[in-house]
Amino acid sequence: MSSMVQPIVPLLIVCFSYIVFIGFLAKVRREKLSLQFALESLAITAVLVTLIWITKFSLHPAINLFLLYVITMRVRLLTEVGTFFARQNHFDWANRIYDFAQRAFPDPSSLLLLNLNKAVSLIKQNKLSDAITILEELLTGRKSEYLGTKYEAAAHYNLGVAYLKAGRDALATIELNKAIEVMPLSEYAALAEKALGQRQKPIHKV
């Protein structure tokens, strides 16, 4: 019996350490830890433990950690890939990847991040109405507590940019100022200050 338990214990340690570490990072970012994330981590480890118990096959804890990360962070990883294509202006590919990520059962935090990146892509495509709708829902939705300070500042900044492009200057000013208030030392606060400064400068035609 002890020989069966020995390869299982490290997997359990890795699982609980992983959940605690991600929970700590969420706390630092002022995000709410997703219950779905924790349950998925436990479920993955339970499956691996069952397989080890049945097959008596030894699995290195590093492989367990890799599987935990790839599976639980699948939506975030897909979002990063979609955003890479969006930055290259390959919007068809970006939209396909975003849609696939949407169907990959995202947890609340990952879904908010996915929608934020989709909105930024829509702004680049000048689909301002769709971008504004997503960002407004993202900031006022029931699950906005999963957003975290950094991404909340990013959402306010990008909503301000969308409002500016749509000619809604008063709302743009409000959102850009909110980006500064939420996280004053962030890159989004600096960008918001720059955008506000440019609005105040007179436009000279050459």
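For clarity, every value in this text was computed on a predicted model and none was experimentally measured. Reckoned from all heavy atoms, side chains included, excluding hydrogens, waters and symmetry mates.
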Checklist entry - What are the two closest heavy atoms between A179 and A189, and how far apart are they? => result O-CB, 4.2 Å

Checklist entry - Can you list the other members of the hydrophobic cluster that holds L35, where links are side-chain heavy atoms under 4.5 angstrom apart? => result L39

Checklist entry - Just wondering, do F21 and I19 contact through their side chains at under 4.5 Å, heavy atoms? => result no

Checklist entry - Would you say the side-chain atoms of K124 pair up with the backbone N or O of A86, donor to acceptor, closer than 3.5 Å? => result yes

Checklist entry - Minimum heavy-atom separation for L11 to P61, with atom names? => result CD2-CA, 4.1 Å

Next on the checklist: Would you compute the distance between atom OG1 of T140 and atom CG of L135 and round it to the nearest 0.5 angstrom?
Outcome noted: 10.5 Å

Checklist entry - With sequence neighbours left out, what residues match I134 under side-chain contact (heavy atoms from CB on, under 4.5 Å)? => result N115, A119, L122

Item to check | All side chain to side chain donor-acceptor pair (under 3.5 Å) counterparts of N117, not counting sequence neighbours | outcome: T83

Checklist entry - With A166, which residues qualify under side-chain contact (heavy atoms from CB on, under 4.5 Å), at least two apart? => result L128, I132, R168

Next on the checklist: Rounded at 0.5 Å granularity, tell me how far CD in Q102 sits from OG1 in T79.
Outcome noted: 9.0 Å

Item to check | Connected via hydrophobic side-chain network under 4.5 Å: V81 and V120 | outcome: no

Checklist entry - Which pairs, with at least one residue in residues 179-189 and sequence neighbours excluded, count as a side chain to side chain donor-acceptor pair (under 3.5 Å)? => result none

What side-chain donor-acceptor pairs closer than 3.5 Å can you find for residues 71-78, not counting sequence neighbours?
from : atom 1 : to   : atom 2 : distance (Å)
T72  : OG1    : Y18  : OH     : 2.7
T72  : OG1    : L68  : O      : 2.5
R74  : NE     : A104 : O      : 2.8
R74  : NH1    : E40  : OE1    : 3.1
R74  : NH1    : I71  : O      : 2.5
R74  : NH2    : E40  : OE2    : 2.8
R74  : NH2    : A104 : O      : 3.1
R74  : NH2    : F105 : O      : 2.8
R76  : NE     : S110 : OG     : 3.4
R76  : NH2    : S109 : OG     : 2.5

Next on the checklist: Listing request: all side chain to side chain donor-acceptor pair (under 3.5 Å) pairs with a residue in residues 147-158, at least two apart in sequence or in separate chains.
Outcome noted: H156-E175

Item to check | Reported OH-to-CD1 distance for the pair Y69 and I44, which is rounded to 0.5 angstrom | outcome: 13.0 Å

Next on the checklist: List the residues meeting side-chain contact (heavy atoms from CB on, under 4.5 Å) with L51, not counting sequence neighbours, and say none if there are none.
Outcome noted: V47

Next on the checklist: Under the criterion side-chain contact (heavy atoms from CB on, under 4.5 Å), I'd like the reasoning laid out for T45 against S41: C-alpha separation, chi angles, the key distance, then a yes or no.
Outcome noted: CA-CA 6 Å; T45 301; S41 300; 5.5 Å; no

Checklist entry - Counting heavy atoms not belonging to R87, are there more than 12 under 6.0 Å from its CZ? => result no

Next on the checklist: Can you list, by chain and residue number, the hydrophobic cluster partners of V182 when the side-chain cut-off is 4.5 Å?
Outcome noted: M183

Next on the checklist: Just verifying a value: how many Å separate L111 CG and L138 CG, rounded to the nearest 0.5 Å?
Outcome noted: 8.5 Å

Checklist entry - Mind checking what makes side chain to side chain donor-acceptor pair (under 3.5 Å) contact with S121, not counting sequence neighbours? => result Q125

Checklist entry - Which atom names give the shortest non-hydrogen contact between P106 and A101, and what distance separates them? => result CD-O, 3.9 Å

Item to check | For E136, side chain to side chain donor-acceptor pair (under 3.5 Å) partners two or more places apart | outcome: Y163

Checklist entry - Taking it one step at a time, do F84 and E80 satisfy side-chain contact (heavy atoms from CB on, under 4.5 Å)? => result CA-CA 6 Å; F84 170 79; E80 287 295 325; over 6 Å; no

Next on the checklist: Tell me every residue that passes side-chain contact (heavy atoms from CB on, under 4.5 Å) with D92, counting only those two or more places apart in sequence or in another chain.
Outcome noted: none

Item to check | Candidate pair I180 and L196, rule side-chain contact (heavy atoms from CB on, under 4.5 Å), full reasoning | outcome: CA-CA 11 Å; I180 298 170; L196 288 169; 3.9 Å; yes

Checklist entry - With a 4.5 Å heavy-atom cut-off, do I63 and L48 have their side chains touching? => result no

Next on the checklist: I need the N64 CG to C15 SG distance, nearest 0.5 Å.
Outcome noted: 7.0 Å

Item to check | Contact summary for A155 and L139, nearest pair of heavy atoms | outcome: CB-CD2, 3.7 Å

Checklist entry - Would F91 and F100 show up in the same hydrophobic cluster when neighbours are defined by side-chain heavy atoms closer than 4.5 Å? => result no

Checklist entry - Counting distance only, does the side-chain N/O of D107 pair as donor-acceptor with the main-chain N or O of Q36 below 3.5 Å? => result no

Item to check | Joint cluster assignment, L116 & F85, ILVMFWY side-chain distance < 4.5 Å | outcome: no

Next on the checklist: Between L176 and L164, is there a side-chain heavy-atom distance shorter than 4.5 Å?
Outcome noted: yes

